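All values reported here derive from a predicted model rather than from experimental measurement. The first residue in the sequence is number 1, and the count goes up from there.
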Amino acid sequence: IVVDGVVLQNGYLNGEAGAGIRLNTNVTLQNSVVRNNTTLNGAAGGVQIYPAGNLQNCLIENNVQTLNANGGGGICANTSSMGGNIYINGCVIRGNRSNVRGGGINIQGSTASYVTNNVIYNNMAIDGETLKAGGAIHDGGSNVVEFANNLIYNNSGLSVIYTKTGKMINNTIVKNVGNVYMAAAAGANTLVRNNIVWGSATDDTGVTPTSFGGVQANNARIYNNAVYNPLSEDKGWDLQGNIQFSSNNSNDDVEQAAFGVGSGPKFVNPTTFIGAISDAFDEADRALFLEELENADWNLTAKSPCVNAG
């Protein structure tokens with residue numbers, strides 16, 4: 001079954017999942033908009049996918065999820081032992097909120113989920129003033145998850161991505177509040193390769209930079225990434241071919257760099273602020289920052305140290 005070209009908006013549920021739409025096995029939602037939906041005490045403010053399904057080329061925006069432990073402001077993807085996989089591909093996921101976990105997406109379950117070629121920005125996982133896990137993405141299940149070729153910027157959470165299993169390949173993860181937190185214990189066989197993680201901090205002041213964090217995991221392979229914070233050498237991670245930027249703030253060359261490549265990443269037009277746009281911003285700042293989010297260009301210039309470095 002293919003659902004194509006619809007707008008699903010202004011839904012409200014209390015105690016159930018998916019105020020915008022629920023996708024089931026062999027159902028694809030494509031070229032559609034899911035916006036301004038709210039789920040109270042249930043998973044998935046916008047889209048619930050269970051136990052399998054496909055979300056392709058959709059706009060998922062300004063959805064809210066509260067209270068239920070399964071989280072997922074924009075999307076909750078929950079596979080099961082009944083079989084089937086979940087695919088989230090080519091979507092824009094923005095402005096969604098959860099006060100539990102997974103401001104943009106929460107993923108869990110027992111079979112595979114694939115999150116590929118998406119643009120994920122301005123999402124928040126926050127309860128009052130308390131940041132929660134996975135401002136952009138929370139992967140808390142035992143399933144295999146693959147994140148590939150996603151652009152993830154200006155989200156806010158205790159972590160921007162919280163992941164337990166699978167692969168993270170060719171993602172640009174920048175200007176977020178929260179780190180990439182690898183929660184997989186030994187044996188999960190995690191692969192993190194060719195990602196840029198830069199310009200992020202523990203809060204929107206930018207005072208304390210952050211990149212990767214996580215637990216002891218002897219099977220975690222961290223290859224050919226570009227970061228600002230040094231990668232931990234005390235967690236048993238296999239670290240190979242990673243480069244370190246000399247500044248977490250400057251996008252350009254850095255004079256007299258004490259370490260790293262003497263440069264920022266050299267994006268064409270990055271945003272100037274960190275994290276999602278919060279309710280604490282005044283109206284003038286909100287308008288200015290919204291314009292920045294829409295006009296940001298995260299392509300690399302020819303002089304970037306990341307070009308041909310992966």
Side-chain angles (χ1 to χ4, degrees), residues 11-23 34-53 55 58 60-80 86 88 91 93-115 118 120-145 147 150 152 155-166 168 173 176-184 213 275-276 278-279:
Y12 177 84
L13 287 176
N14 189 341
E16 298 184 60
I21 189 172
R22 302 177 194 173
L23 302 183
V34 183
R35 66 158 66 102
N36 299 337
N37 301 285
T38 299
T39 298
L40 174 66
N41 197 29
V47 182
Q48 169 79 354
I49 310 175
Y50 175 83
L55 192 62
C58 290
I60 313 298
E61 67 174 354
N62 300 335
N63 301 285
V64 177
Q65 180 275 332
T66 60
L67 299 181
N68 184 274
N70 288 332
I75 302 164
C76 183
N78 187 2
T79 61
S80 82
I86 287 175
I88 302 170
C91 295
I93 302 165
R94 67 188 184 193
N96 303 286
R97 302 288 186 268
S98 171
N99 71 353
V100 181
R101 61 186 186 182
I105 308 171
N106 183 60
I107 301 169
Q108 59 195 45
S110 55
T111 56
S113 296
Y114 300 89
V115 180
N118 301 287
I120 305 172
Y121 69 95
N122 200 33
N123 302 283
M124 297 185 75
I126 190 168
D127 185 10
E129 297 182 358
T130 302
L131 294 169
K132 310 294 280 188
I137 301 171
H138 183 278
D139 156 32
S142 58
N143 53 335
V144 174
V145 179
F147 307 115
N150 299 289
I152 301 170
N155 303 276
S156 293
L158 184 63
S159 51
V160 61
I161 298 175
Y162 177 101
T163 182
K164 283 190 172 181
T165 56
M168 188 181 303
I173 306 166
N176 299 287
V177 169
N179 63 4
V180 176
Y181 191 86
M182 296 181 293
S278 75
D279 295 337

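Annotation for Thr163 and Met168: closest pair CG2-CE, 3.8 Å, computed over non-hydrogen atoms. Residue Ala133 comes nearest to His138 through the heavy atom pair CB-CD2, 3.6 Å, listed as atom of the first residue, atom of the second, then distance. Closest heavy-atom contact between Gly73 and Ser98: N-CB, 3.7 Å. The two residues Gly45 and Ala19 come nearest to each other via the heavy atoms O-CB, 3.4 Å. Nearest heavy-atom pair across Val100 and Lys132 is O-CB, 3.3 Å. Of all heavy-atom pairs spanning Leu67 and Gln65, the tightest one is N-NE2, 4.0 Å.
Ile107 places none of its side-chain heavy atoms less than 4.5 Å from the side chain of Ile86. Residues Ile152 and Phe147 fail the side-chain proximity criterion, which asks for heavy atoms closer than 4.5 Å.
To the nearest 0.5 Å, atoms CD1 (Ile60) and CD1 (Ile93) are separated by 6.5 Å. Here Ile161 contributes atom CD1 and Ile105 contributes atom CD1; the two are 9.5 Å apart, rounded to the nearest 0.5 Å. With rounding to the nearest 0.5 Å, the separation of CD in Gln108 from NZ in Lys164 is 10.0 Å. Taken from CG in Asn123 to CZ in Arg94, the straight-line distance is 10.5 Å, to the nearest 0.5 Å. With rounding to the nearest 0.5 angstrom, the CD1 atom of Ile126 is 10.5 Å from the CG atom of Leu158. In this structure, CE on Met124 lies 11.5 Å from CG on Asn99, to the nearest 0.5 angstrom.
Between the side chain of Asn14 and the backbone N or O of Asn41 there is no donor-acceptor pair closer than 3.5 Å. Put simply, the side chain of Ser156 gets close to the backbone of Ala276: a donor and an acceptor are under 3.5 Å apart. A donor-acceptor distance shorter than 3.5 angstrom exists from the side chain of Asn63 to the backbone of Asn37, with no hydrogens or angles considered. Looking only at distances, a side-chain donor or acceptor of Asn68 sits under 3.5 Å from a matching main-chain atom of Asn70. Not a single donor-acceptor pair under 3.5 Å links the side chain of Thr79 to the backbone N or O of Pro51. Side chain of Asn106 to main chain of Arg101: no donor-acceptor pair is present (N/O by atom type, distance under 3.5 Å, no hydrogens or angles). No side-chain donor-acceptor contact under 3.5 Å links Asn62 to the backbone of Asn36. The backbone N or O of Tyr50 lies less than 3.5 Å from no partner atom in the side chain of Asn78, so there is not a single donor-acceptor pair. A distance-only check finds a donor-acceptor pair linking the side chain of Arg22 to the backbone of Ala17 [under 3.5 Å]. In terms of modelled atom types and a separation under 3.5 Å, the side chain of Ser113 and the main chain of Val145 share no donor-acceptor contact.
Each of Ile137, Val115, Ile173, Ile88 was compared with Asn150 under the side-chain contact (heavy atoms from CB on, under 4.5 Å) criterion, and only Val115 meets it.
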